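Notes to accompany the following structure.
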Amino acid sequence: MKINPKKLYEILKNEYGDPNWWPVDKKYHTQNRTDFRFEILIGAILTQNTAWSNVEKALMNLKKQKKLDIDNILEMETKEIGELIKPSGYFNQKAKRLKEFTSYIKNNYNSNLDTFFNRDIREIRKELLSLNGIGPETADSMILYAGNLPIFVVDAYTKRICARIPLETKLSYNEIQKFFQKELKKEEKDTEKILKIFNELHALIVYLAKDYCRKKPKCLKCPISKYCEYKKELF
DNA sequence: GTCCAGGGCCGTT
DNA sequence: AACGGCCATGGA
């Protein structure tokens with residue numbers, strides 16, 4: 001049986017419902033008069049090749065010290081940032097990346113995230129990619145989940161699932177992204193709904209990959225197994 | 001103890 | 001262009 005991105009979305013949506021993504025404690029930001037989008041931007045860097053449970057500990061450390069905003073990040077020495085974000089791993093390079101990214105926003109956009117995101121997506125993306133430590137997935141996560149702008153995020157899970165089904169043979173980041181965006185826009189014209197699908201489908205793919213499409217897959221109960229050619233180890 | 005997680009950079013081929 | 005080594009913590 002054949003499957004496409006829209007069908008995949010419908011099956012996973014039926015399986016998992018509304019994903020809670022990207023998790024942010026908005027009450028914290030309301031009380032402290034900080035921008036919750038900044039937490040998403042920082043989280044996007046902290047979660048690079050790292051379990052979210054570890055990122056939560058790092059974000060919690062920053063919140064406890066009331067350092068989770070642009071000016072307070074920039075006031076800290078890189079070493080001090082590293083101490084707070086240590087649970088998220090790679091803390092030396094991530095501390096440097098956080099500081100570089102944050103100073104970029106302050107210096108070029110006067111710390112105004114509305115100004116930063118209220119532009120052409122391709123411009124935003126190009127700028128993010130020019131910063132050290134921000135690659136395609138981090139940039140696109142920032143644009144989609146902090147900027148609330150329609151771009152499809154590809155990660156290692158998406159590539160794995162595409163290869164196994166198979167959905168798309170060219171497995172480079174850009175090819176997979178183009179494929180999903182084209183296919184999903186083909187079936188849905190409403191901009192708001194496209195944004196919602198981009199937002200949710202990436203999250204749902206992560207769930208699927210964690211529960212079933214693992215490195216050692218659990219195809220037996222996988223919700224898409226009948227659409228997938230990769231059924232080597234049915235246990 | 002081993003494996004892996006919501007990647008990206010840099011050097012080598 | 002593609003690949004390997006490296007970065008680091010914590011949970012399974």
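Because the structure is predicted, anything quoted here is derived from the model rather than measured. Labels below follow one simple rule: chain letters A, B, ... track the order of the sequence lines, proteins then strands, and each chain is numbered from 1.
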Rounding to the closest angstrom, what is the interatomic distance between [N] and [M] at atom [atom1]?
N	M	atom1	value
C/dG5	B/dC3	P	15 Å
B/dG8	C/dG10	P	22 Å
C/dG4	B/dC4	P	16 Å
C/dC7	B/dA5	C1'	14 Å
C/dT9	B/dG1	P	16 Å

What I'd like to find out is whether the side chain of [X] reaches to under 4.5 Å of the side chain of [Y], using heavy atoms alone.
X	Y	answer
A/T138	A/L128	no
A/Q48	A/Y90	no
A/N61	A/K64	yes
A/I85	A/L62	yes
A/E127	A/N108	no

Pairing of A/E39 and A/K63 as salt bridge, 4.0 angstrom limit: yes
Give a yes or no on whether a salt bridge exists between A/K126 and A/E123, defined as a side-chain N under 4.0 angstrom from a carboxylate O. yes
Using whole Å, report how far [atom1] of [X] lies from [atom2] of [N].
X	N	atom1	atom2	value
A/L98	B/dG8	CG	P	14 Å
A/L201	B/dG6	CG	P	17 Å
A/K96	B/dG8	NZ	P	17 Å
A/L208	B/dA5	CG	P	14 Å
A/E137	B/dA5	CD	C1'	12 Å
A/I45	B/dA5	CD1	P	21 Å
A/Y157	B/dC4	OH	C1'	8 Å
A/Y173	B/dG8	OH	P	7 Å

Taking only side-chain N and O atoms of [X], does any of them lie within less than 4.0 angstrom of OP1 or OP2 on [N]?
X	N	answer
A/R160	B/dG6	no
A/K210	B/dA5	no
A/T138	B/dG8	yes

With a 4.0 angstrom cut-off to heavy atoms of chain A, pull out the first and last contacting nucleotide of DNA chain C, in 5'-to-3' order. C/dC7 to C/dG11
Do A/W52 and A/W22 make the cut of ring centroids closer than 6.0 angstrom? yes
Would A/K218 and A/Y212 count as a cation-pi pair here, with the cationic atom under 6.0 angstrom from the ring centre and within 45° of the axis? no
May I ask you to decide if the ring planes of A/Y109 and A/F116 are parallel, tilted or perpendicular, using 30° and 60° as cut-offs? perpendicular
Mutual orientation of the aromatic rings belonging to A/Y16 and A/Y207 [parallel < 30°, tilted 30-60°, perpendicular > 60°]: tilted
Report all interatomic pairs (protein N or O, nucleotide N or O of nucleotides 9-13 of chain B) with separations under 3.5 Å.
{"unit_1": "B/dC9", "atom_1": "OP1", "unit_2": "A/G133", "atom_2": "N", "d": "3.0"}

Answer yes or no: is there a donor N or O on one side and an acceptor on the other, between the side chain of A/E137 and the main chain of A/D155, under 3.5 Å? no
A/Y90 vs A/S172, nearer the 5' end of DNA chain C by closest nucleotide: A/S172
Is there a path of hydrophobic side-chain contacts, each under 4.5 Å between heavy atoms of I/L/V/M/F/W/Y residues, joining A/I45 to A/V55? yes
If you take any heavy atom closer than 4.0 Å to DNA chain C, which residues from residues 52-67 of chain A end up in contact? A/N54, A/K57
For a quick check of understanding: with a heavy-atom distance under 4.0 Å over all strands, which category does A/Q93 fall into, base, sugar-phosphate or nothing? base
